[in-house]
Every structure is written in C-alpha cells, then in structure tokens.
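Let me begin by presenting the structure, written as structure tokens, before commenting on it.
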There are 2 protein chains.
Amino acid sequence: MLELRHLETLIALAESGSLAAAASRVNLTQSALSHQVKAIESHYECPLFERKSTPLRWTPVGERLVALAYDITRALSDANREVARLLDGRAGQMRIAVECHSCFDWLMPSMDVFRKNWEEVEQDLVSGFHPDPVDLLNENRADVVIVSRKQRRRGIDFHPLFRYRMPAILGKKHSLTKKKHLTARDFTNETLITYPIPDERLDLVRRVLSPAKVFPERRTATLTEAILQLVASGRGVAALPAWAIQPYLDREYVISRPIGKDGLWCELYAASTSAGSATSYLLDFVQTMRDVCFRQLKGIEVLR
Amino acid sequence: MLELRHLETLIALAESGSLAAAASRVNLTQSALSHQVKAIESHYECPLFERKSTPLRWTPVGERLVALAYDITRALSDANREVARLLDGRAGQMRIAVECHSCFDWLMPSMDVFRKNWEEVEQDLVSGFHPDPVDLLNENRADVVIVSRKQRRRGIDFHPLFRYRMPAILGKKHSLTKKKHLTARDFTNETLITYPIPDERLDLVRRVLSPAKVFPERRTATLTEAILQLVASGRGVAALPAWAIQPYLDREYVISRPIGKDGLWCELYAASTSAGSATSYLLDFVQTMRDVCFRQLKGIEVLR
DNA sequence: GATACAACTTGAATCAATTTCAAGATCGAT
DNA sequence: ATCGATCTTGAAATTGATTCAAGTTGTATC
C-alpha cells in the first residue's frame, strides 16, 4: 500500500529531479528511495518516470501520484495547523529579523504563505543592522531571527533551515577562472567585496581567509546586485550564496568557482526564544520557510 | 508522525463507535488500536475522544482529524481510480445479479456511488431468479453476482464482502421469546417463512435445520416486509439478516433471538470471472460495496 | 574501444517500530 | 460482590523498511 513516506519521496523527487538529491532531502540513502520507488511501481504495475533524464520525465501515472502527494501533504498540514490553533489560540505576533540581505528572496514568499495560514498573527520585519541580531530576541524586539550560525545560548533555540554552497564570484575575464576551485591564497591580491557586516559573520572570512592569515583588500556594498555589478566589471571578487545568484550564472554575467576542494558550505538557522518555540505558529513559520526554500532554491540541502 | 494506518483507524473508530469493533474492522487487535490511539494522542498532546461513551464522543481535535482522514482517503481512492483508468481504459459494462432480496438496501447506494466514479461504465441489474446465479457469469449474462457462499469453481473468483448475524425473528408474544437463544429443535413445531429460493441457499436450513433433521412447516414470501408482517402477526417465524431488520427491531415490531449459542453468522461474496477480476472498475465496485456497507450497516464484520 | 565515473538497482542483513500476547485496570450490570 | 465487557499497559515477537555492499547501466573521456 501507498504510505505517507512514499508521498514525501514523490514530492522530493519531483522537486529535486534525481534519486540521489531526493534521498538527501528526505534523509535516506538512494538505495532506500530506489526500493520505495520500486515498491510503488510494482504496486501500480507501471513505471512512474523515465530514469535517465534530468529533470525526471514523469509518466501520466507518476504525474497523478505526485499531484496526489501534494494534495495529501496540503491536507495534512492544513489539519495540523488547525489542530494547533484549536489547542493554543490564534493571536500573536511574528517579528522577523534577518542578518543576510539576499534572504529576502525567499523570506517574502514565505511570509506570504504564512500570512494566508495565520491571518490573526501580526507580521513585521525588524529592519536596521545590529551587532548581534540574536540579542533582539532577548530584548523582545523580534520573535525570529535568521542567522548563519548556531550558537550555544541559553533560552535560545536554533531551528535548522538548510545548507547551501557559497562559491566565489569572478568577472568573466578574471584570471582565477582558470582554476577548478579556489583556495585562501588565491584571494591574497584580490579586492574582496562583501556586505557591510562584521567579519565574524562573513563565512568566507571567518572560516577560510582568517585561519589562513589572508587579509585581502576590502570593499562593501549593501545590495547583492551592486556586488555583482562590481564583480562583473572586474573591480573585485565576492562570495555569495549559490541560490542567490543562479540567474546571473545562467546568463553568464559572472563566473563562479568553488572555494576549497569541496566548496564552501554555509548554513542558515531560524533562532527563537524557547518560549517562542512553544508557539505553534512560530514552528509552522519555520516549516513554511523550509518548504518554500526547498521548493524554489536549487542545490540546497537539508540541515539538522 | 501521523500515518495512513492511523487515519484508517480513525475512520473505523468513527464509524463503528468502539475500539473493539474498529479493531476487527481493520483486522487488528484492540490492543494495537489502543497503542495507535495513544500514539496519536501523545503526538498532539491531547485526547481524541471520551472513552466511556457509545458512540464515541470526539473532542474538537479528534473531529478535525477524522475529517482529515476522510479527506485523505477520498483523495487516495480518487487517485487510485484515476490511475486505474489511465492504465486500462474506461469503457465497459457491469451487469449485477443478486441472490438475496434484502441486498438491494445497500446495493442501490453502492451503484449510485459507482456510477459517479465510472460514468462510462454501463450498469445493469440482472433480474429474475436462477437456480444457480453463478452460472450467469459463465454464460456471460452478468459480470458480478452477489452470493452467500464461496464455492470452488474454476475461472470464478469470490471477493469477500462481509459477515453478518442472522437471528431468528419472532412475533412479540411468541413463546420462544423466553429463550436466550434458539436451537434447531425449537423450530420443530413452527412455520418457517423464507424467501422462495432453494433450501441449499437458505443458511438456516442448510447449516442448522437439515443437519439436525428438523423439517418444519414452510411458507414463502418474496418481500422482506411481507415476511416481517407474517411474523409479527404470529403466523410463523423467520431468519433474516440483522442489518436488514434493524429498524423493525428498534421499533419492537418483532423480536430477534440468536440461532445457536454464538448466533448464526452468514457471509456475502461478490463473484466474478477471473477475467472480470482483472478489470479495475469491477474491483473498485467490490470495494465500493464494502465501503458503503461498513458505513451504513451496523454490526457487520470483515470477511477474508 | 577501453576505462572511469555517476547514477541507479538489487539482495541480504540489520534495525526499528508495530503488532500481538498476556496480564491488569476500569466500569456497568446483575 | 462478582462477572463480563472494554480498554490499557509493558514486554516479546514479528513485520517490514533501511542500510550496506556489490552489481548494473549508461555516459563521458581519452
């Protein structure tokens, strides 16, 4: 019989386009997914999709079952939300602070979804910069903060969102484009363009350059587009989330290269007070962000 | 996490009104259901229903989850049907023959449901009496026959529908009402009123009276109502399906008594040719009959 | 055309989780 | 007060899903 886990697999498959990717998304091995798919196929006695094509090409039956999967997960999450409301009332507020500019790309759509589901919860974006945004939680000036690092702080919970690749971004004619991947030393004589935030929150600096004692020239810009423009015109290099610059890479406006042999992987967490973690709409918002991101950002991975 | 099996359990619970009854309906022990319910309740951290009341009294959360269960099973069976149509076309016919008159009670609603789901399949009721209705299948004059006995016939499949109690029916003042249950010998000096069908298809005669060499006076009537009327007016006794006469028992128009210590249990099967069993709409019709019956007939049990 | 690599498949072994079993608790009815 | 029916509970047993490790297939590269 078809089970919920099969439906989750189908969705992961539909959204990630390969067995391997879907497997990591649902925290299983490819093998497990292969078994699952085979089970479904032998239950319906027909194939679900063509294997050798990316993205997957679904058969009509496969398509119908993917649709079913979406229907059912929607019904499930609606019910869970309603139960949550039944159990702990509906009102409340949701003040969101972000540390990272490009996050707005997916934060806005997430907030839209959330607004539909929790009309009574008042939403707000806490703007401006803060030396340590997590303090906003303790000061009760925000309810959720999106941060790139899990800390050990009492009374604060960090809900994992996802991990993503942060490649170096180079102008099309930059000499470093010849290399397959970059190392800290490659940055020595470059101008590094970053957002205007403290070094300890810039993963490239904190995790790669500082440990290697490399301190390139620096320059800042507030908007992702501005950084890209500077890079494209050869006035420096940068490191940006892969998901934030995919369209520019597709158009070959700039070139990306992995930082380090395995690439630089960064993480994103939603921080809240422990009290906040007990309110169901906050947890639902975290889940909504995950859902939206996995649906619309390519190449991100689950984080625990 | 909530699983499909939990939802099936919730539906069985909602429709049967007790853990024990629901358990037999989903082919599990009460214990298993108890564990399941406890698991759901501890997941949502709230009770689903009050235990000591029949029918179960649901909490708002329980109610919402039952609604979810119906939503999801509907989505599932819609999808399964559509997949079936995708795989083996849509046209066909469905000629139904019944051996037992009272079956129309649930056969009509089942046919209504089926008609909605398979518009292209032409429905027909094969009327009239036949010495052996299963022959209608081989002669290709019917596609499904509802029968009370599983036989060993090559090329014919018997799909179990349900089992049910067949109590004896007595007039309100009949002296046998003093007994807790009746035995074959109690029928010796009675007039037995039956449908006008061969003895080997009357479970009471075949399984109870004949083995005990008891041959009471006989009388026949075609309609259930006619039989009831005769019984009520003291002109004989009968044995009828519990589900068929529930309203008359509730109104105390007649009295029922179990036949034998454990009561007489009868069975109902849908017979089809093996070829027929391969068409998806026929199997769907069988499932529809089961669903409709378990939803609307009280006191019936699963049959394998 | 050989080789390597990536993605997927397969069967056996492991491990987790659900079911059953057996005993005990609770409630109503006689 | 006792019986019977219904449900609960914890531990054992069973089921079945996942992992592991090896094999297959297809694609790219030299």
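All figures in this text were calculated on a predicted structure; none of them were measured in a lab.
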Face-on cation placement of B:R185 at B:F187 ring, 6.0 Å and 45° thresholds: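 Judged by the rule, B:R185 and B:F187 form no cation-pi pair.
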Quick one: does NZ or CZ of A:R74 land under 6.0 Å from the six-membered ring centre of A:Y70, within 45 degrees of the ring axis?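 Ring-cation test returns no.
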Could you please name the option among C:dT20, D:dC7, C:dC8 that lies closest to any side-chain atom of B:L28?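 Within the option list, the nearest is C:dT20.
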Which of these nucleotides, D:dA17, D:dC7, C:dC8, is closest to any side-chain atom of B:S18?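 The listed nucleotide nearest to B:S18's side chain is D:dC7.
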Rounded to the nearest Å, what distance is computed from the [atom1] atom of residue [X] to the [atom2] atom of nucleotide [N]?
X     : N      : atom1 : atom2 : answer
B:H43 : C:dT18 : NE2   : P     : 12 Å
A:L2  : D:dA17 : CG    : C1'   : 15 Å
B:M1  : C:dT18 : CE    : P     : 12 Å
A:R5  : D:dT15 : CZ    : P     : 17 Å
B:E50 : D:dT8  : CD    : P     : 13 Å
B:L33 : C:dC21 : CG    : P     : 14 Å
A:I40 : D:dG16 : CD1   : P     : 17 Å
A:L7  : D:dA17 : CG    : P     : 14 Å

Nucleotides 20-30 of chain D: protein proximity per nucleotide (B base, S sugar-phosphate only, - neither; heavy atom, under 4.0 Å): B----------
Check: [X]/[Y] side-chain N/O donor and acceptor closer than 3.5 Å:
X      : Y      : value
B:Q287 : B:H159 : no
A:E267 : A:Y269 : yes
B:S277 : B:D157 : yes

Could you say whether B:G17 or A:Q30 is positioned toward the 5' end of DNA chain D, judged by the nucleotide with the nearest heavy atom to each?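 Between the two, 5'-proximity favours B:G17.
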If the cut-off is 4.0 Å, is A:Q36 near the phosphate of D:dT18, judged by side-chain N/O to OP1 or OP2?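 The answer is yes; a side-chain N or O of A:Q36 sits under 4.0 Å from OP1 or OP2.
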Please list, chain by chain and in numerical order, all residues satisfying ring-ring contact (aromatic ring centres under 6.0 Å, His included) with A:Y44, sequence neighbours excluded.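 Listed in chain order: nothing, the list is empty.
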I need the single residue from B:R290, B:R163, B:R25 that forms a salt bridge (charged side-chain N to carboxylate O under 4.0 Å, His left out) with B:E301. Which is it?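 Of the listed residues B:R290, B:R163, B:R25, the salt bridge (charged side-chain N to carboxylate O under 4.0 Å, His left out) partner of B:E301 is B:R163.
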